[in-house]
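What's counted below: heavy atoms across the whole structure, side chains too, no hydrogens, waters or symmetry copies. Letters go in sequence order (proteins before strands), and every chain restarts at 1.
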Protein chains: 2
Amino acid sequence: MKSDNGSPVIPNEAYTKTRVTAFKQHIVRSMNIDQILNAIHPLSDTSKQTLKKSIAEVNYPKGHILLRADKIETNIYFIKKGIVRAFANTDHNEITFWFGKEGDTVISMKSYVARQKGYENIELLEDCELYELKTENLQKLFDENIDIANWGRKFAEQELAKTEERLISRQFRTAKERYRELLKGNPDLIQRVQLGHIASYLGITQVSLSRIRAEKN
Amino acid sequence: MKSDNGSPVIPNEAYTKTRVTAFKQHIVRSMNIDQILNAIHPLSDTSKQTLKKSIAEVNYPKGHILLRADKIETNIYFIKKGIVRAFANTDHNEITFWFGKEGDTVISMKSYVARQKGYENIELLEDCELYELKTENLQKLFDENIDIANWGRKFAEQELAKTEERLISRQFRTAKERYRELLKGNPDLIQRVQLGHIASYLGITQVSLSRIRAEKN
DNA sequence: TTCATTTTTTATCATTTGTAAAATTTTCCC
DNA sequence: GGGAAAATTTTACAAATGATAAAAAATGAA
């Protein structure tokens, strides 16, 4: 079943839609810390143990603000379970520019890189289970352990590749194409996150997104 | 002399414009390899010497294509002198998504991170003097030298912060605001690069950019 | 369930941006 | 300098998106 160029393949849309609305089946996913760390970049067992010594597990409810734009953040988080959004405030409204879910890393880039106040707030969109790591400890490990330093390098490089790809996608795809791309690449996102946030993430108004979704083919 | 919120401060625009057109004064800038490496992140002398052993100097003329999208790139470059653009091809046209100048690093992120073909072509917009470094050598140094590994990590982190900022800027600033931002932050760019490329970089058509530039205040 | 609240869709009109083509200006080469 | 080519601006019109308001649908709590 392929759906490459704009041709949708859902055999019976009405049925599918009803089913989704009725049950909103959440596939229960969860990633433990070993899976998360290894997915970023394989680490030797000893280095992984070293790293894990600095990591603690924390839980927060839906609606909690994990990171605030107006302070320098001293922790980074790995998402074991749940979904979050990063948003920035402007004069008129707030703009969602990132979603994180199981396996993703929550980090204020500006705090982390430049130790300055960032622009991002992180809001939990579901009850979340998180792994917490003090950046201070991580920095120390970077200086002491070449394995962890390269793991950190890989993390930044991969995030960079992803971010660059999004930037370019935004530059030469229409809002419609970007929505379909998201739908194909992250179908669960549309079910787990309200459309207002999705619209903001795509850089359009909620009304525009509704128009796109309403189009028949 | 400040020009923060949309209020232009050029005292006599007609005069300034004529002057610029007549002389198009290029401030001759150039960065040597030590300056470039240190600007990314300070390195100990010994590590810097080690890294420099793998770096050679090369020159190419304006118009040269330094990197091609259809091949896995095996080099990275530091720009000593000159200006370049990265562009991706689409069905209809090509889209400029990055400019690099003195001190910047030219790298195909996808080749570098995933060892896959990238989407970017790099074209030299002026005659360029470059420092060349084989990624293969760099990878080896990352595994052997923690100093260099952390230098590479810092590089990726900084690029990530910059790219993320651009992505967000695109999301909540209008084309007009982004043009003015660019004009303020990189005034030389507008003089060294043709406006068609700038328009593409801003994510608008050349016609739109002309309209923005034509506005009086 | 029922009701209040939140989210999503629809409709209308204004604004922005794009497309195409022509006019103008600049650049470059002889 | 002169003339061809390239780059930029302008114009007119079309298409896409935004703003606003209101209707419809979904959600959540009692």
Engineer: Counting only side-chain heavy atoms from C-beta out, which of D:dT8, C:dC28, C:dT8 sits nearest to A:L195?
Structural biologist: C:dT8
Engineer: How close or far is atom P of C:dT7 from atom CD1 of A:I190, stated in whole angstroms?
Structural biologist: 17 Å
Engineer: Starting at OH of A:Y179 and ending at C1' of C:dT8, how long is that distance when rounded to a whole Å?
Structural biologist: 12 Å
Engineer: Once you round it to whole Å, what is the distance between P of C:dT27 and CD of B:Q191?
Structural biologist: 11 Å
Engineer: Please work out whether the ring planes of A:Y119 and A:F97 are parallel, tilted or perpendicular, with thresholds of 30° and 60°.
Structural biologist: perpendicular
Engineer: What is the distance, rounded to the nearest whole Å, between atom CD of A:Q206 and atom C1' of D:dT20?
Structural biologist: 14 Å
Engineer: State whether B:R213 places a side-chain N or O below 4.0 Å from either non-bridging phosphate oxygen (OP1 or OP2) of D:dT8.
Structural biologist: no
Engineer: Return the minimal non-hydrogen interatomic distance between B:K52 and B:D34, and the atom names on each side.
Structural biologist: NZ-OD1, 2.8 Å
Engineer: List in chain and number order the residues that pass side chain to side chain donor-acceptor pair (under 3.5 Å) with A:K117, two or more places apart in sequence or in another chain; answer none if no residue qualifies.
Structural biologist: none
Engineer: Verify whether one side chain among A:Y201 and A:R178 offers a donor that lies under 3.5 Å from an acceptor in the other.
Structural biologist: no
Engineer: Taking atom types as modelled, find out whether A:T163 and B:E164 have a side-chain donor-acceptor pair closer than 3.5 angstrom.
Structural biologist: no
Engineer: Tell me: CD of B:E215 to C1' of D:dT10, nearest whole Å?
Structural biologist: 14 Å
Engineer: Whole Å only: how far is the NZ atom of B:K62 from the C1' atom of C:dC29?
Structural biologist: 14 Å
Engineer: Compare the minimum distances between each of D:dA7, D:dT10, C:dT9 and the side chain of A:S210, then state the nucleotide with the smallest one.
Structural biologist: C:dT9
Engineer: If a protein heavy atom is under 4.0 Å from the base, mark B; if only from the sugar-phosphate, S; if neither, -; do that for nucleotides 12-18 of chain C going 5' to 3'.
Structural biologist: B----SB
Engineer: How would you list, by chain and number, every residue that makes a side chain to side chain donor-acceptor pair (under 3.5 Å) with B:E94, sequence neighbours excluded?
Structural biologist: B:R85
Engineer: Measure CD1/A:I198 against C1'/C:dT8 and give the value in whole Å, please.
Structural biologist: 13 Å
